[in-house]
**Student:** 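This is the structure, below, for whatever I ask next.
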Amino acid sequence: MLSILEGLLIFIVVSESILGVLGNGFIGLVNCIDCVKNKKFSMVGFILTGLATSRICLILIIITDGFIKIFSPDMYSSGNLIDYISYLWVIINQSSIWFATSLSIFYFLKIANFSHHIFLWLKGRINSVLPFLMGSLFISWLFTFPQIVKIINDNRMKSRNTTRQLNMQKSEFFTKQILLNLGVILLFTLCLITCFLLIISLWRHNRHMQLNVTGLRDPSTEAHVKAMKILLSFIILFILYFIGIAIEISCFILPENKLLFIFGMMTTAIYPWGHSFILILGNSKLKQASLKTLQQLKCCEARRLLTAAQIHVGGNGCFRRII
């Protein structure tokens, strides 16, 4: 039986999931419509669509895995369900982080301004960076899947053994998790480095503009300040996502602490939905599309209310004529 606090946290997790699916679905839909209209798929459009799709799948697997562990933990001890969820989690989680890293690298190479020869060399070959990163994702999968098979087999063997062997499994658990998530940790580190370098570049440019421009605030300066706020928000959400994953993993050692696990789910789910709305507000095309959609929804609601009022008035008139 769930406590009131646990029920409240689950409600928050479900709300976050619904917002995440709606926000990321909107991003994917807008980019797909833009692709059909222009008959071409830009690199940033491909990254945003892939990021939105992977995050929708990520939200669904977080909810599915979490609810099974909360309401029906015995399902994991029988059958191959844990195998399928583990494989899906690795593919979807690494894909989502890969797309987020690719997006940060793309904006870093497009916007940042450094004079270092390595940066200039990469900036001139921006179209070649994405295929290289995609190759690194496949290599990460090749290293990760054998680790998953080994961990699953070890868990099955040790689940039949004594408490002493289970304690030995706990001592090895975090080492195995580090090996399992090594590719994710590298992508996460690369993403943070590019974001911080981009913030430094924007801060330098903003400071230079403030020294040279007097009077009214330059629109370019405001745009750079907004970009820095978006990047800082993304970094905070990204770190919260990994903290949430760490909390969920730690619940393996504390299986009875259901409240901590639900809190970890809630923390993990903040990133997929929160960053989608940051992208919508920070991207001019997505922001215009969202405002247009909201305006259309308001018009549809107004027409519906007007039609209902007309039917109500017409019905009263007919009733009076019959009398």
Side-chain angles (χ1 to χ4, degrees), residues 1-25 27 51-77 79 81-100 144 148 151-152 155 170 173-174 176-178 180-181 183-185 187-188 191 233-279:
M1 187 69 181
L2 295 174
S3 65
I4 296 175
L5 183 57
E6 289 172 346
L8 178 62
L9 291 179
I10 287 177
F11 174 76
I12 293 172
V13 170
V14 173
S15 302
E16 289 175 342
S17 303
I18 293 171
L19 289 172
V21 170
L22 291 175
N24 287 289
I27 291 173
L51 182 63
T53 305
S54 62
R55 280 180 177 169
I56 290 173
C57 297
L58 185 67
I59 289 169
L60 294 177
I61 199 167
I62 287 172
I63 290 296
T64 304
D65 178 63
F67 279 15
I68 289 174
K69 287 178 179 176
I70 293 169
F71 297 108
S72 186
D74 295 335
M75 289 181 66
Y76 272 130
S77 59
L81 180 63
I82 189 172
D83 300 24
Y84 302 140
I85 289 181
S86 299
Y87 294 139
L88 282 174
W89 166 255
V90 168
I91 293 172
I92 294 168
N93 183 45
Q94 292 194 2
S95 298
S96 174
I97 295 172
W98 179 84
F99 279 114
T144 304
I148 295 176
I151 289 172
I152 290 172
N155 289 344
K170 291 177 181 179
F173 181 70
F174 287 107
K176 290 180 179 180
Q177 287 298 323
I178 290 172
L180 183 64
N181 294 290
V184 171
I185 293 169
L187 287 172
F188 173 67
C191 184
S233 302
F234 167 66
I235 290 170
I236 292 169
L237 290 174
F238 211 19
I239 292 172
L240 283 175
Y241 174 69
F242 276 88
I243 290 173
I245 292 176
I247 291 172
E248 291 188 47
I249 290 173
S250 67
C251 288
F252 177 84
I253 296 175
L254 303 168
E256 301 301 323
N257 200 330
K258 192 181 292 184
L259 180 62
L260 182 64
F261 179 77
I262 298 171
F263 178 76
M265 279 180 62
M266 184 190 72
T267 308
T268 305
I270 291 173
Y271 163 69
W273 79 265
H275 189 233
S276 65
F277 285 94
I278 289 174
L279 286 174

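When reading the values below, keep in mind they use all heavy atoms of this one structure, side chains included, and skip hydrogens, waters and symmetry mates.
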**Student:** Might you point out which heavy atoms bring Ala100 and Cys191 nearest each other, and give the distance in Å?
**Tutor:** O-SG, 4.1 Å
**Student:** Taking it one step at a time, do Ile70 and Phe261 satisfy side chain to side chain contact (heavy atoms under 4.5 Å, CB included)?
**Tutor:** CA-CA 9 Å; Ile70 293 169; Phe261 179 77; 3.9 Å; yes
**Student:** Find out whether the Lys NZ or Arg CZ of Arg55 is both under 6.0 angstrom from the six-membered ring centre of Phe99 and within 45° of the ring's axis.
**Tutor:** no
**Student:** Evaluate the side chain to side chain contact (heavy atoms under 4.5 Å, CB included) criterion for residues Ile236 and Tyr271: first the C-alpha distance (whole Å), next the side-chain angles of each, then the deciding distance (0.1 Å), finally the verdict.
**Tutor:** CA-CA 9 Å; Ile236 292 169; Tyr271 163 69; over 6 Å; no
**Student:** Kindly determine whether Val14 and Phe67 satisfy side chain to side chain contact (heavy atoms under 4.5 Å, CB included), including the steps that lead there.
**Tutor:** CA-CA 10 Å; Val14 173; Phe67 279 15; 3.8 Å; yes
**Student:** Just to verify, what does Ile92 make a side chain to side chain contact (heavy atoms under 4.5 Å, CB included) with, not counting sequence neighbours?
**Tutor:** Cys57, Leu58, Ile61, Leu88
**Student:** Answer whether the closest heavy-atom distance between the side chains of Ile243 and Thr268 falls below 4.5 Å.
**Tutor:** no
**Student:** Which atom names give the shortest non-hydrogen contact between Leu240 and Thr267, and what distance separates them?
**Tutor:** O-CG2, 3.3 Å
**Student:** Is the side chain of Asn24 donor-acceptor paired with the backbone N or O of Pro272 at a distance under 3.5 Å, no angle test?
**Tutor:** yes
**Student:** Take a 6.0 Å sphere around CZ of Phe263 and say whether it holds more than 12 heavy atoms from other residues, nucleotides or ligands.
**Tutor:** no
**Student:** Could you pull out the closest heavy-atom pair between Ser276 and Ile27, with the gap in Å?
**Tutor:** O-CD1, 3.5 Å
**Student:** Just how far is it from atom CD1 of Ile68 to atom CD1 of Ile63, taken to the nearest 0.5 Å?
**Tutor:** 11.5 Å
**Student:** Classify the ring geometry between Tyr241 and Phe238 as parallel (under 30°), tilted (30 to 60°) or perpendicular (over 60°).
**Tutor:** parallel
**Student:** What pair of heavy atoms forms the shortest contact from Ile10 to Phe71, and how long is it?
**Tutor:** CD1-CZ, 3.9 Å
**Student:** For the pair Ile239 and Phe188, evaluate side chain to side chain contact (heavy atoms under 4.5 Å, CB included) and give the outcome as yes or no after the intermediate values.
**Tutor:** CA-CA 9 Å; Ile239 292 172; Phe188 173 67; 4.2 Å; yes
**Student:** Determine yes or no for a side-chain-to-main-chain donor-acceptor pair under 3.5 angstrom, with Ser96 supplying the side chain and Asn93 the backbone.
**Tutor:** no
**Student:** For Glu16 and Met266, work out which heavy atoms get closest and say how close.
**Tutor:** OE1-O, 3.0 Å
**Student:** Who passes side chain to side chain contact (heavy atoms under 4.5 Å, CB included) against Gln94, sequence neighbours left out?
**Tutor:** Val90, Leu137, Ser140, Trp141, Thr144, Val184
**Student:** Where the side chain of Ser17 meets the backbone of Val13, is there a donor-acceptor pair that is under 3.5 Å apart?
**Tutor:** yes
**Student:** Please report the shortest heavy-atom distance between Ile247 and Ser250, naming the atom on each side.
**Tutor:** O-OG, 2.6 Å
**Student:** Give the ring-plane orientation class for His275 versus Phe234, where under 30° counts as parallel, over 60° as perpendicular and anything between as tilted.
**Tutor:** tilted
